[in-house]
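Data first, discussion second: the structure below is written as structure tokens.
Nothing fancy with the numbering, it's 1 onward along the sequence.
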Amino acid sequence: MTTCVHLLGDCSVRLWGLTSRERLGRMLEKHPGARLCEAHEPLPPAGSVLLLREDYLYDERVLRGLLDTPDVALQDPRDGTLVAARLPAGELAGTAGLDAPAIGRLRRVRPDTVASGLQEQLRKFDPPWVARIAEGEREALERALFDGAYKGVTDFITRGVWPVPARRATAWCVRLGLSPNHVTAASYVLAILAGYWFWQGAYGAGLLAGWLMTFLDTVDGKLARVTVTSTRFGDVFDHALDLVHPPLWYLAWGMGLSAGWDAAIPLDTLLWVIFAGYVAGRLCEGAFKFAAPFSLFLWRPFDSLNRLVTARRNPNLLILTLAWALGAGDTGLLLVALWTLVSTLVLAARVFWALLLRRRGAELQPWLSQIDLRAEGHRPIVRLFAPRSGLSDV
């Protein structure tokens with residue numbers, strides 16, 4: 001049964017180029033059981049209605065929770081303001097409004113209660129939120145939306161270095177009307193150029209192209225989320241590049257060194273170690289799904305910390321960059337091989353332990369979902385992996 005979504009009031013403030021109505025319309029496209037009704041449309045005689053204040057910004061988890069939960073009224077936890085309600089259409093007597101008598105019987109909920117259970121599914125661990133939209137808060141709201149676009153855990157460069165410049169680049173893309181797929185296409189070009197220059201031994205140019213590619217790899221995802229333009233094609237388009245290019249870069253780096261290679265370990269052996277270690281590491285991450293329905297890197301604090309530095313593209317690219325700067329490209333490749341081997345062995349040990357626990361009947365849970373994210377004592381370590389959105393301060 002379709003839920004008719006009615007927006008109440010009016011809001012002309014644009015966040016990342018979108019009005020509240022445009023943003024909610026795009027968000028609702030992901031929910032086939034809901035449709036955004038025009039203001040002049042009468043309420044349906046049957047089915048359910050979701051009333052939303054247009055001058056509020058809604059976390060995706062909260063919107064989904066409201067669509068999945070009947071007979072609830074959502075309050076802004078900061079001041080108790082009623083901002084949304086879901087109830088049968090017939091109880092509104094043909095008039096949409098949060099002051100209708102039928103609203104009084106509804107169960108009052110907060111963002112965290114109506115969105116409970118969606119943390120792991122959406123790979124987000126900051127508390128669910130709603131926020132009032134005002135022109136004076138536009139910059140803070142845009143910053144909060146951008147910070148909230150980070151999902152799960154990632155490496156320390158993506159988490160600690162890219163956010164500020166990536167936010168500026170994302171704003172530039174919005175102003176130019178660039179889509180996430182435009183940015184991903186540029187990443188493909190840079191990835192190919194980096195591999196070509198590595199193969200030719202032009203490591204400086206290759207590293208510059210490589211770092212620009214990793215930066216755009218952050219921008220395209222954030223652009224898609226803040227403008228609500230994520231698509232299945234875009235996701236495959238982006239992740240296909242992420243999956244394929246790293247081992248090809250290492251192979252190209254080795255080929256650039258092949259003419260003068262004089263290390264004790266044969267170059268072919270080293271490249272096979274890197275390639276096999278990369279594939280084995282990815283297989284370990286996939287094998288963890290047999291133990292639990294979430295990412296290995298969300299299991300325990302150790303695993304999240306390990307994700308910051310494990311041998312994936314950005315940490316390995318940093319190793320190669322430092323080695324090149326010191327005039328030791330061959331040593332850089334040796335270190336990448338060593339770090340890949342160590343990282344893969346750690347992942348394999350963690351997967352083995354998880355499967356053993358699962359076989360013994362244990363129910364594995366991601367560590368971030370087991371703590372109170374609002375507790376002050378947990379905030380420092382939580383922010384390391386999931387930066388606070390800042391919406392609670394708006």
Side-chain angles (χ1 to χ4, degrees), residues 61 116-127 147-163 214 217-218 221 235 239 242-243 246-247 273-274 276-319 335-375 377-389:
R61 295 163 294 182
S116 62
L118 294 173
Q119 299 287 87
E120 299 170 25
Q121 185 178 353
L122 296 179
R123 295 187 296 151
K124 296 181 71 174
F125 296 97
D126 57 316
D147 291 343
Y150 281 86
K151 294 186 176 183
V153 294
T154 186
D155 64 89
F156 67 97
I157 293 171
T158 300
R159 181 64 65 191
V161 178
W162 289 151
T214 70
D217 190 38
T218 290
D235 188 60
H239 285 86
D242 292 343
L243 184 65
V273 168
I274 294 175
Y278 175 82
V279 173
R282 289 291 190 169
L283 290 176
C284 285
E285 294 174 38
F288 185 80
K289 298 295 184 180
F290 291 100
F294 53 86
S295 168
L296 165 61
F297 299 114
L298 300 177
W299 182 23
R300 292 286 185 266
F302 169 81
D303 301 298
S304 295
L305 287 168
N306 182 42
R307 179 63 180 92
L308 294 174
V309 297
T310 198
R312 297 280 284 269
R313 180 193 62 203
N314 287 358
N316 283 348
L317 195 58
L318 180 61
I319 291 173
L335 291 175
V336 166
L338 176 62
W339 190 232
T340 299
L341 181 61
V342 170
S343 295
T344 301
L345 290 174
V346 170
L347 294 178
R350 296 299 291 165
V351 171
F352 176 79
W353 180 242
L355 293 172
L356 183 61
L357 290 176
R358 190 74 182 89
R359 184 178 178 82
R360 292 176 178 175
E363 192 72 27
L364 276 61
Q365 296 292 332
W367 71 277
L368 280 168
S369 69
Q370 302 175 56
I371 64 176
D372 182 358
L373 297 179
R374 293 168 295 175
H378 289 126
R379 285 183 180 175
I381 189 168
V382 169
R383 288 177 191 168
L384 183 61
F385 307 113
R388 187 178 62 170
S389 68

CD1 of I274 to CG of L338: how many Å apart, nearest 0.5 Å? 10.5 Å

Name each donor-acceptor pair under 3.5 Å that joins a side chain in residues 342-356 to protein atoms two or more places apart or in another chain, with its distance.
residue, atom, partner, partner atom, Å
S343, OG, A311, N, 3.1
S343, OG, W339, O, 2.8
T344, OG1, G277, O, 2.9
T344, OG1, T340, O, 2.8
R350, NE, D303, OD1, 2.8
R350, NH2, D303, OD2, 2.9

Going from CZ on R358 to CG on L364, what distance comes out if it is rounded to the nearest 0.5 angstrom? 7.5 Å

For F288, which residues count as a ring-ring contact (aromatic ring centres under 6.0 Å, His included) partner, sequence neighbours excluded? F294, W299

Point-to-point distance, once rounded to the nearest 0.5 Å, from CG of D155 to CG of N306: 12.0 Å

When rounded to the nearest 0.5 Å, the distance separating OG1 of T218 from CG of N314 is 7.0 Å

Using a strict cut-off of less than 4.0 Å between a Lys/Arg side-chain nitrogen and an Asp/Glu carboxylate oxygen, indicate whether R313 and D242 qualify as a salt bridge. yes

Gap separating the CG atom of L283 from the OH atom of Y278, nearest 0.5 angstrom: 10.5 Å

Can L298 and V153 be said to form a side-chain contact (heavy atoms from CB on, under 4.5 Å), step by step? CA-CA 7 Å; L298 300 177; V153 294; 4.1 Å; yes

In the structure I gave you, are the side-chain heavy atoms of L317 and T214 within less than 4.5 Å of one another anywhere? yes

In chain order, what residues pass the ring-ring contact (aromatic ring centres under 6.0 Å, His included) check against W162, with sequence neighbours excluded? F215

Taking atom CD of E285 and atom CZ of R307, what is their separation to the nearest 0.5 Å? 7.0 Å

